Amino acid sequence: MPLESGARWRASLAQGADRFDGALRLWRHLPLSLGLMIELHDHAKIITVVAGIGGMARAAHNDLQPVQVIRNTTLRQVDGRTTGGRSHHLKPHVFVAMPLAGRYLDQLREHCDVEVFSATQPISPEELAAAIGDADGVLGSAQLLFPTEILDRAPRLRVICNVGVGYDNVDLGELSRRGIALANTPGVLSDAVADLVLGLMIAVARHLRECETIVREGRWGEPGLRIPLGSDLRGKTLSIVGMGRIGREVAARAAAFKMRVLCFDTRPDLVPPPFAERAATLDDALRAGDFISLHVDLNPASRHLIGPREFGLMKASAFLINAARGAVVDQRALYDVLAAQRIAGAGLDVLESEPPTTGDLLLQLDNVFIVPHIGSATVETRAAMVELAIENLVACVTGQPCVNIVNAEAAVATKEVSP
Ligand code: DGY
(Lines give C-alpha, C1' and ligand atoms only; values in the text may rest on other atoms or scores of the structure.)
Protein backbone atom coordinates (compact mmCIF):
# COMPACT_ATOMS: atom_id res chain seq x y z
CA MET A 1 0.00 0.00 0.00
CA PRO A 2 1.58 3.30 -1.05
CA LEU A 3 0.02 5.24 1.81
CA GLU A 4 2.22 5.16 4.89
CA SER A 5 -0.65 5.70 7.26
CA GLY A 6 -2.88 4.11 9.85
CA ALA A 7 -2.13 1.22 12.13
CA ARG A 8 0.41 -0.42 9.83
CA TRP A 9 2.38 2.77 9.55
CA ARG A 10 2.32 3.36 13.27
CA ALA A 11 3.28 -0.25 13.95
CA SER A 12 6.21 0.04 11.56
CA LEU A 13 7.30 3.24 13.29
CA ALA A 14 7.18 1.52 16.67
CA GLN A 15 9.11 -1.43 15.25
CA GLY A 16 11.65 0.93 13.69
CA ALA A 17 12.11 2.72 17.00
CA ASP A 18 12.53 -0.58 18.85
CA ARG A 19 15.15 -1.69 16.35
CA PHE A 20 16.88 1.60 16.75
CA ASP A 21 16.84 1.23 20.53
CA GLY A 22 18.39 -2.24 20.13
CA ALA A 23 21.05 -0.93 17.76
CA LEU A 24 21.77 1.94 20.13
CA ARG A 25 22.24 -0.42 23.09
CA LEU A 26 24.63 -2.55 20.99
CA TRP A 27 26.50 0.56 19.91
CA ARG A 28 26.85 1.81 23.51
CA HIS A 29 28.22 -1.58 24.63
CA LEU A 30 30.52 -1.92 21.65
CA PRO A 31 33.73 -0.65 23.37
CA LEU A 32 33.16 -3.10 26.23
CA SER A 33 32.54 -6.03 23.86
CA LEU A 34 35.55 -5.02 21.80
CA GLY A 35 37.83 -4.92 24.85
CA LEU A 36 36.52 -8.29 26.01
CA MET A 37 37.09 -9.89 22.65
CA ILE A 38 40.61 -8.51 22.33
CA GLU A 39 41.38 -9.83 25.81
CA LEU A 40 39.88 -13.21 25.07
CA HIS A 41 41.30 -13.80 21.62
CA ASP A 42 44.05 -11.25 21.08
CA HIS A 43 43.79 -12.03 17.42
CA ALA A 44 44.23 -9.43 14.71
CA LYS A 45 41.57 -10.94 12.43
CA ILE A 46 38.90 -10.79 15.08
CA ILE A 47 39.78 -7.17 15.88
CA THR A 48 39.37 -6.33 12.20
CA VAL A 49 35.97 -8.04 12.03
CA VAL A 50 34.74 -6.30 15.17
CA ALA A 51 36.06 -2.94 14.00
CA GLY A 52 34.24 -3.57 10.72
CA ILE A 53 30.98 -4.20 12.55
CA GLY A 54 31.57 -1.04 14.58
CA GLY A 55 32.09 0.96 11.37
CA MET A 56 28.90 -0.45 9.89
CA ALA A 57 26.93 0.41 13.00
CA ARG A 58 28.36 3.94 12.95
CA ALA A 59 27.56 4.33 9.25
CA ALA A 60 24.03 3.03 9.83
CA HIS A 61 23.65 5.52 12.67
CA ASN A 62 24.79 8.39 10.44
CA ASP A 63 22.38 7.35 7.68
CA LEU A 64 19.48 7.24 10.06
CA GLN A 65 18.86 10.88 10.78
CA PRO A 66 15.08 10.54 10.28
CA VAL A 67 15.06 7.97 13.10
CA GLN A 68 14.96 10.82 15.59
CA VAL A 69 11.74 12.02 14.01
CA ILE A 70 10.31 8.51 13.91
CA ARG A 71 11.05 8.07 17.63
CA ASN A 72 9.34 11.36 18.45
CA THR A 73 6.35 10.38 16.41
CA THR A 74 6.15 6.99 18.10
CA LEU A 75 6.22 8.57 21.53
CA ARG A 76 3.43 10.89 20.49
CA GLN A 77 1.35 7.99 19.27
CA VAL A 78 1.92 6.24 22.62
CA ASP A 79 0.84 9.46 24.37
CA GLY A 80 -2.25 9.51 22.20
CA ARG A 81 -3.22 6.00 23.18
CA THR A 82 -2.80 6.66 26.87
CA THR A 83 -4.87 9.83 26.70
CA GLY A 84 -7.93 8.23 25.23
CA GLY A 85 -7.13 6.93 21.77
CA ARG A 86 -6.69 10.18 19.87
CA SER A 87 -3.19 10.99 18.68
CA HIS A 88 -1.65 13.70 20.78
CA HIS A 89 0.65 15.55 18.41
CA LEU A 90 3.24 17.78 19.94
CA LYS A 91 3.99 19.19 16.51
CA PRO A 92 1.28 20.00 13.98
CA HIS A 93 0.44 17.00 11.84
CA VAL A 94 0.54 17.42 8.08
CA PHE A 95 -0.34 15.14 5.24
CA VAL A 96 1.65 15.39 2.02
CA ALA A 97 -0.60 14.01 -0.71
CA MET A 98 2.08 13.69 -3.39
CA PRO A 99 5.58 12.24 -3.55
CA LEU A 100 8.22 14.73 -2.44
CA ALA A 101 12.01 14.45 -2.43
CA GLY A 102 13.50 13.55 0.95
CA ARG A 103 15.07 16.98 1.43
CA TYR A 104 11.63 18.61 1.34
CA LEU A 105 10.22 16.10 3.80
CA ASP A 106 13.17 16.73 6.12
CA GLN A 107 12.46 20.46 5.89
CA LEU A 108 8.85 19.83 6.88
CA ARG A 109 9.82 17.43 9.68
CA GLU A 110 11.69 20.21 11.43
CA HIS A 111 8.31 21.75 12.21
CA CYS A 112 5.67 19.08 11.72
CA ASP A 113 4.83 15.42 12.01
CA VAL A 114 4.66 14.32 8.43
CA GLU A 115 2.66 11.61 6.75
CA VAL A 116 3.28 11.21 3.03
CA PHE A 117 1.58 9.56 0.09
CA SER A 118 4.53 8.32 -1.88
CA ALA A 119 3.05 6.57 -4.92
CA THR A 120 3.53 8.04 -8.37
CA GLN A 121 -0.13 7.74 -9.37
CA PRO A 122 -2.43 10.47 -8.03
CA ILE A 123 -3.97 9.75 -4.64
CA SER A 124 -7.57 8.50 -4.83
CA PRO A 125 -10.42 10.22 -2.94
CA GLU A 126 -10.69 7.16 -0.67
CA GLU A 127 -7.00 7.28 0.18
CA LEU A 128 -7.20 11.02 0.84
CA ALA A 129 -10.25 10.58 3.06
CA ALA A 130 -8.49 7.84 5.03
CA ALA A 131 -5.33 9.88 5.54
CA ILE A 132 -6.71 13.31 6.36
CA GLY A 133 -8.43 12.63 9.71
CA ASP A 134 -5.58 13.83 11.91
CA ALA A 135 -4.17 16.48 9.61
CA ASP A 136 -3.76 20.13 10.55
CA GLY A 137 -2.53 20.84 7.03
CA VAL A 138 -2.42 19.16 3.64
CA LEU A 139 0.00 19.78 0.80
CA GLY A 140 -0.91 18.55 -2.67
CA SER A 141 -1.22 19.38 -6.33
CA ALA A 142 -3.61 22.04 -7.59
CA GLN A 143 -5.64 19.19 -9.10
CA LEU A 144 -6.35 17.47 -5.77
CA LEU A 145 -10.09 17.74 -5.11
CA PHE A 146 -11.61 18.44 -1.69
CA PRO A 147 -15.35 17.78 -1.89
CA THR A 148 -17.38 18.19 1.31
CA GLU A 149 -17.33 14.42 2.02
CA ILE A 150 -13.56 14.65 2.34
CA LEU A 151 -13.60 17.88 4.35
CA ASP A 152 -16.08 16.20 6.72
CA ARG A 153 -13.34 13.66 7.48
CA ALA A 154 -10.86 16.39 8.45
CA PRO A 155 -12.03 18.08 11.66
CA ARG A 156 -8.59 19.49 12.50
CA LEU A 157 -7.76 20.83 9.05
CA ARG A 158 -6.56 24.43 9.06
CA VAL A 159 -4.94 24.81 5.66
CA ILE A 160 -4.76 23.25 2.21
CA CYS A 161 -1.54 24.18 0.43
CA ASN A 162 -1.68 23.85 -3.32
CA VAL A 163 1.54 23.30 -5.19
CA GLY A 164 0.22 25.56 -7.95
CA VAL A 165 -1.31 28.94 -8.47
CA GLY A 166 -4.80 27.74 -9.45
CA TYR A 167 -7.32 26.80 -6.77
CA ASP A 168 -10.34 25.56 -8.68
CA ASN A 169 -9.77 22.21 -6.92
CA VAL A 170 -11.59 23.60 -3.88
CA ASP A 171 -14.80 25.41 -3.10
CA LEU A 172 -13.31 28.51 -1.52
CA GLY A 173 -16.60 29.55 0.13
CA GLU A 174 -16.96 26.13 1.73
CA LEU A 175 -13.37 26.27 3.02
CA SER A 176 -13.92 29.72 4.51
CA ARG A 177 -17.10 28.58 6.26
CA ARG A 178 -15.09 25.78 7.85
CA GLY A 179 -12.20 28.06 8.79
CA ILE A 180 -9.83 26.33 6.39
CA ALA A 181 -7.34 28.47 4.50
CA LEU A 182 -6.24 27.85 0.93
CA ALA A 183 -2.66 28.81 0.15
CA ASN A 184 -1.16 28.77 -3.33
CA THR A 185 2.18 29.45 -5.04
CA PRO A 186 1.80 32.57 -7.19
CA GLY A 187 4.67 34.31 -8.92
CA VAL A 188 7.27 31.56 -8.97
CA LEU A 189 5.72 29.89 -12.01
CA SER A 190 4.79 32.94 -14.08
CA ASP A 191 7.92 32.87 -16.26
CA ALA A 192 7.69 29.16 -17.00
CA VAL A 193 4.02 29.38 -17.98
CA ALA A 194 4.61 32.50 -20.08
CA ASP A 195 7.49 30.76 -21.87
CA LEU A 196 5.21 27.87 -22.72
CA VAL A 197 2.53 30.23 -24.02
CA LEU A 198 5.00 31.71 -26.49
CA GLY A 199 6.02 28.15 -27.36
CA LEU A 200 2.40 27.23 -28.09
CA MET A 201 1.96 30.36 -30.20
CA ILE A 202 5.00 29.48 -32.28
CA ALA A 203 3.98 25.81 -32.46
CA VAL A 204 0.58 26.60 -33.95
CA ALA A 205 1.65 29.55 -36.08
CA ARG A 206 4.58 27.62 -37.61
CA HIS A 207 2.91 24.19 -37.86
CA LEU A 208 5.60 22.57 -35.75
CA ARG A 209 3.67 19.33 -35.30
CA GLU A 210 3.23 18.69 -39.04
CA CYS A 211 6.79 19.81 -39.77
CA GLU A 212 8.29 17.49 -37.20
CA THR A 213 6.19 14.60 -38.49
CA ILE A 214 7.61 15.20 -41.99
CA VAL A 215 11.12 14.73 -40.60
CA ARG A 216 10.30 11.67 -38.49
CA GLU A 217 8.47 10.00 -41.35
CA GLY A 218 11.50 10.45 -43.62
CA ARG A 219 9.65 12.75 -46.01
CA TRP A 220 12.09 15.70 -45.73
CA GLY A 221 13.55 16.10 -49.22
CA GLU A 222 10.78 14.11 -50.90
CA PRO A 223 10.12 15.45 -54.41
CA GLY A 224 7.07 17.70 -54.44
CA LEU A 225 6.85 17.91 -50.66
CA ARG A 226 5.00 21.03 -49.60
CA ILE A 227 6.26 22.41 -46.31
CA PRO A 228 3.37 24.27 -44.66
CA LEU A 229 3.96 28.00 -44.49
CA GLY A 230 3.35 29.61 -41.13
CA SER A 231 2.42 33.05 -39.85
CA ASP A 232 4.74 35.70 -38.43
CA LEU A 233 4.28 36.89 -34.87
CA ARG A 234 5.83 40.25 -35.70
CA GLY A 235 3.20 42.92 -36.27
CA LYS A 236 0.32 40.67 -35.12
CA THR A 237 -2.05 41.52 -32.29
CA LEU A 238 -1.97 39.38 -29.20
CA SER A 239 -5.09 39.77 -27.07
CA ILE A 240 -4.41 38.73 -23.50
CA VAL A 241 -7.50 37.94 -21.46
CA GLY A 242 -6.59 38.30 -17.77
CA MET A 243 -3.67 40.52 -16.86
CA GLY A 244 -2.45 38.93 -13.66
CA ARG A 245 1.16 37.91 -13.14
CA ILE A 246 1.22 35.35 -15.95
CA GLY A 247 -0.66 37.59 -18.40
CA ARG A 248 1.90 40.33 -17.78
CA GLU A 249 4.83 38.00 -18.42
CA VAL A 250 3.22 36.87 -21.66
CA ALA A 251 2.75 40.52 -22.62
CA ALA A 252 6.43 41.29 -22.01
CA ARG A 253 7.53 38.37 -24.17
CA ALA A 254 5.07 39.23 -26.95
CA ALA A 255 6.41 42.80 -27.03
CA ALA A 256 9.91 41.38 -27.48
CA PHE A 257 8.54 39.43 -30.46
CA LYS A 258 7.39 42.80 -31.89
CA MET A 259 3.70 42.06 -31.45
CA ARG A 260 0.99 44.58 -30.64
CA VAL A 261 -0.32 43.71 -27.19
CA LEU A 262 -3.94 44.29 -26.28
CA CYS A 263 -5.14 43.34 -22.84
CA PHE A 264 -8.48 42.80 -21.22
CA ASP A 265 -9.21 42.37 -17.55
CA THR A 266 -12.44 42.74 -15.60
CA ARG A 267 -10.61 44.68 -12.86
CA PRO A 268 -11.23 48.36 -13.66
CA ASP A 269 -8.07 49.46 -11.82
CA LEU A 270 -5.87 47.41 -14.15
CA VAL A 271 -2.98 49.50 -15.45
CA PRO A 272 -1.61 47.90 -18.62
CA PRO A 273 2.15 47.77 -19.11
CA PRO A 274 3.42 50.84 -21.03
CA PHE A 275 3.83 48.90 -24.28
CA ALA A 276 0.28 47.45 -24.17
CA GLU A 277 -3.17 48.85 -24.86
CA ARG A 278 -6.30 48.12 -22.92
CA ALA A 279 -9.37 46.67 -24.66
CA ALA A 280 -12.60 48.15 -23.35
CA THR A 281 -14.47 44.84 -23.52
CA LEU A 282 -13.77 41.17 -23.90
CA ASP A 283 -15.57 41.25 -27.24
CA ASP A 284 -13.21 43.99 -28.49
CA ALA A 285 -10.21 41.88 -27.46
CA LEU A 286 -11.60 38.79 -29.20
CA ARG A 287 -12.39 40.70 -32.42
CA ALA A 288 -8.93 42.28 -32.64
CA GLY A 289 -6.72 39.33 -31.71
CA ASP A 290 -4.62 37.43 -34.23
CA PHE A 291 -3.64 35.40 -31.19
CA ILE A 292 -5.87 35.25 -28.11
CA SER A 293 -4.30 33.95 -24.92
CA LEU A 294 -6.37 33.16 -21.83
CA HIS A 295 -5.03 33.88 -18.34
CA VAL A 296 -8.03 33.88 -16.06
CA ASP A 297 -8.60 31.58 -13.12
CA LEU A 298 -11.46 29.12 -13.32
CA ASN A 299 -14.50 30.06 -11.27
CA PRO A 300 -18.26 29.98 -11.91
CA ALA A 301 -18.04 33.29 -13.83
CA SER A 302 -15.20 32.19 -16.11
CA ARG A 303 -16.46 28.65 -16.86
CA HIS A 304 -17.04 28.49 -20.64
CA LEU A 305 -16.06 32.15 -20.93
CA ILE A 306 -15.19 31.31 -24.52
CA GLY A 307 -18.12 29.57 -26.22
CA PRO A 308 -19.92 29.62 -29.58
CA ARG A 309 -20.78 33.33 -29.39
CA GLU A 310 -17.20 34.33 -28.54
CA PHE A 311 -15.72 32.11 -31.26
CA GLY A 312 -18.11 33.86 -33.64
CA LEU A 313 -16.36 37.16 -32.91
CA MET A 314 -12.85 35.91 -33.70
CA LYS A 315 -11.00 36.35 -36.99
CA ALA A 316 -10.88 33.30 -39.25
CA SER A 317 -7.10 33.61 -39.02
CA ALA A 318 -7.05 33.70 -35.20
CA PHE A 319 -5.22 31.25 -32.96
CA LEU A 320 -6.56 30.52 -29.48
CA ILE A 321 -4.03 29.73 -26.75
CA ASN A 322 -5.13 28.28 -23.42
CA ALA A 323 -2.66 27.57 -20.62
CA ALA A 324 -5.11 28.55 -17.87
CA ARG A 325 -7.81 25.95 -17.24
CA GLY A 326 -9.57 23.77 -19.81
CA ALA A 327 -13.08 24.64 -18.66
CA VAL A 328 -12.58 28.34 -19.41
CA VAL A 329 -13.27 27.22 -22.99
CA ASP A 330 -16.33 25.29 -24.11
CA GLN A 331 -14.36 22.45 -25.64
CA ARG A 332 -17.18 21.13 -27.83
CA ALA A 333 -17.55 24.61 -29.35
CA LEU A 334 -13.79 24.76 -29.83
CA TYR A 335 -13.85 21.44 -31.68
CA ASP A 336 -16.65 22.70 -33.93
CA VAL A 337 -14.84 25.91 -34.96
CA LEU A 338 -11.51 24.13 -35.47
CA ALA A 339 -13.08 21.31 -37.50
CA ALA A 340 -14.90 23.87 -39.68
CA GLN A 341 -11.70 25.97 -39.86
CA ARG A 342 -13.66 28.93 -38.53
CA ILE A 343 -10.51 29.86 -36.63
CA ALA A 344 -6.97 28.96 -37.71
CA GLY A 345 -5.89 26.84 -34.78
CA ALA A 346 -5.45 26.34 -31.06
CA GLY A 347 -2.52 25.72 -28.75
CA LEU A 348 -3.62 24.05 -25.53
CA ASP A 349 -1.84 23.17 -22.31
CA VAL A 350 -5.12 22.34 -20.59
CA LEU A 351 -8.33 20.48 -21.42
CA GLU A 352 -11.78 20.26 -19.88
CA SER A 353 -11.04 16.66 -19.02
CA GLU A 354 -7.44 15.78 -18.14
CA PRO A 355 -6.12 13.46 -19.36
CA PRO A 356 -8.34 13.33 -22.47
CA THR A 357 -10.13 10.12 -23.35
CA THR A 358 -8.79 8.37 -26.44
CA GLY A 359 -12.05 9.30 -28.15
CA ASP A 360 -11.57 13.02 -27.49
CA LEU A 361 -12.55 14.64 -30.77
CA LEU A 362 -9.88 17.35 -30.48
CA LEU A 363 -7.19 14.69 -30.87
CA GLN A 364 -8.43 13.99 -34.40
CA LEU A 365 -7.68 17.50 -35.64
CA ASP A 366 -4.48 18.76 -37.27
CA ASN A 367 -4.95 22.41 -36.38
CA VAL A 368 -4.61 21.92 -32.65
CA PHE A 369 -1.39 21.45 -30.69
CA ILE A 370 -1.89 19.93 -27.23
CA VAL A 371 0.56 19.37 -24.38
CA PRO A 372 -0.27 17.69 -21.06
CA HIS A 373 -0.65 20.60 -18.59
CA ILE A 374 3.06 21.36 -18.42
CA GLY A 375 2.97 25.13 -17.95
CA SER A 376 5.00 25.02 -14.74
CA ALA A 377 6.81 21.76 -15.48
CA THR A 378 10.46 22.74 -15.35
CA VAL A 379 12.93 21.50 -12.76
CA GLU A 380 13.59 24.97 -11.38
CA THR A 381 9.99 26.10 -11.31
CA ARG A 382 8.61 22.94 -9.72
CA ALA A 383 11.32 23.18 -7.03
CA ALA A 384 10.38 26.80 -6.35
CA MET A 385 6.69 25.86 -6.16
CA VAL A 386 7.30 23.06 -3.70
CA GLU A 387 9.51 25.28 -1.55
CA LEU A 388 6.89 28.01 -1.47
CA ALA A 389 4.12 25.52 -0.70
CA ILE A 390 6.19 24.15 2.21
CA GLU A 391 6.78 27.69 3.49
CA ASN A 392 3.04 28.33 3.29
CA LEU A 393 2.23 25.09 5.09
CA VAL A 394 4.70 25.57 7.92
CA ALA A 395 3.60 29.19 8.41
CA CYS A 396 -0.08 28.27 8.53
CA VAL A 397 0.13 25.28 10.85
CA THR A 398 2.49 27.05 13.26
CA GLY A 399 0.36 30.20 13.37
CA GLN A 400 2.80 32.43 11.49
CA PRO A 401 1.63 35.00 8.91
CA CYS A 402 1.31 33.64 5.38
CA VAL A 403 0.99 36.03 2.46
CA ASN A 404 -0.26 33.42 0.00
CA ILE A 405 -3.61 32.69 1.59
CA VAL A 406 -6.30 33.19 -1.02
CA ASN A 407 -9.27 33.25 1.37
CA ALA A 408 -8.02 35.55 4.11
CA GLU A 409 -11.48 35.38 5.68
CA ALA A 410 -10.77 31.79 6.77
CA ALA A 411 -9.01 33.34 9.81
CA VAL A 412 -6.47 30.56 10.13
CA ALA A 413 -4.92 31.74 13.34
CA THR A 414 -8.18 31.79 15.26
CA LYS A 415 -9.43 28.33 14.39
CA GLU A 416 -10.01 26.32 17.54
CA VAL A 417 -8.11 23.05 17.31
CA SER A 418 -8.14 20.67 20.18
CA PRO A 419 -4.79 19.03 20.84
C1 DGY B 1 -1.15 25.84 -11.54
O2 DGY B 1 -0.20 26.29 -10.94
O3 DGY B 1 -2.31 26.10 -11.23
C4 DGY B 1 -0.85 24.93 -12.66
O5 DGY B 1 -1.83 24.92 -13.62
C6 DGY B 1 -0.65 23.54 -12.11
O7 DGY B 1 -1.86 23.01 -11.79
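Note that ligands are numbered from 1 as they come in the structure, with each ligand's atoms numbered from 1 the same way. Everything quoted here is computed from the prediction, not taken from an experiment.
- Residues E409 and S176 have side chains that bring a donor and an acceptor to within less than 3.5 angstrom of each other.
- Looking from atom 7 (O) of ligand 1 to the surrounding protein, the closest heavy atom is Q143 NE2, 3.1 Å.
- Of all atoms in ligand 1, numbered sequentially from 1 with element shown, those under 4.0 Å from a heavy atom of A142 are 7 (O).
- Of all the heavy atoms of V193, none lies under 4.0 Å from any atom of ligand 1, so neither backbone nor side chain is involved.
- Minimum heavy-atom separation, F369 to V371: CE2-CG1, 3.8 Å.
- Every atom of ligand 1 is numbered from 1 in the order shown, and the set under 4.0 Å from a heavy atom of G166 is 1 (C), 2 (O), 3 (O).
- Numbered from 1 in the order shown, with element, the atoms of ligand 1 that lie under 4.0 Å from a heavy atom of R325 read 1 (C), 3 (O), 4 (C), 5 (O), 7 (O).
- For ligand 1, the atoms closer than 4.0 angstrom to any heavy atom of G164 are 1 (C), 2 (O).
- Here the shortest heavy-atom pairing between M243 and C263 reads CG-CB, 3.3 Å.
- When each atom of ligand 1 is checked for a heavy atom of H373 under 4.0 Å away, the hits are 4 (C), 5 (O), 6 (C), 7 (O).
- Any N or O atom pair closer than 3.5 Å counts here, and S376 shares no such pair with ligand 1.
- Scanning the protein heavy atoms around atom 1 (C) of ligand 1, the nearest turns out to be V165 N, 3.4 Å.
- To the nearest 0.5 Å, the span separating CG on L139 from CG on N162 amounts to 8.5 Å.
- Close contacts between ligand 1 and L189 involve ligand atoms 2 (O) [criterion: under 4.0 Å to a heavy atom].
- Taking CG of L334 as the start and CD of E352 as the end, the distance is 9.5 Å to the nearest 0.5 Å.
- Between the side chains of E127 and S124, at least one donor N or O lies within less than 3.5 Å of an accepting N or O.
- Heavy atoms only, all atoms of each residue included: L175 and A181 are closest at CD1-O, 4.5 Å.
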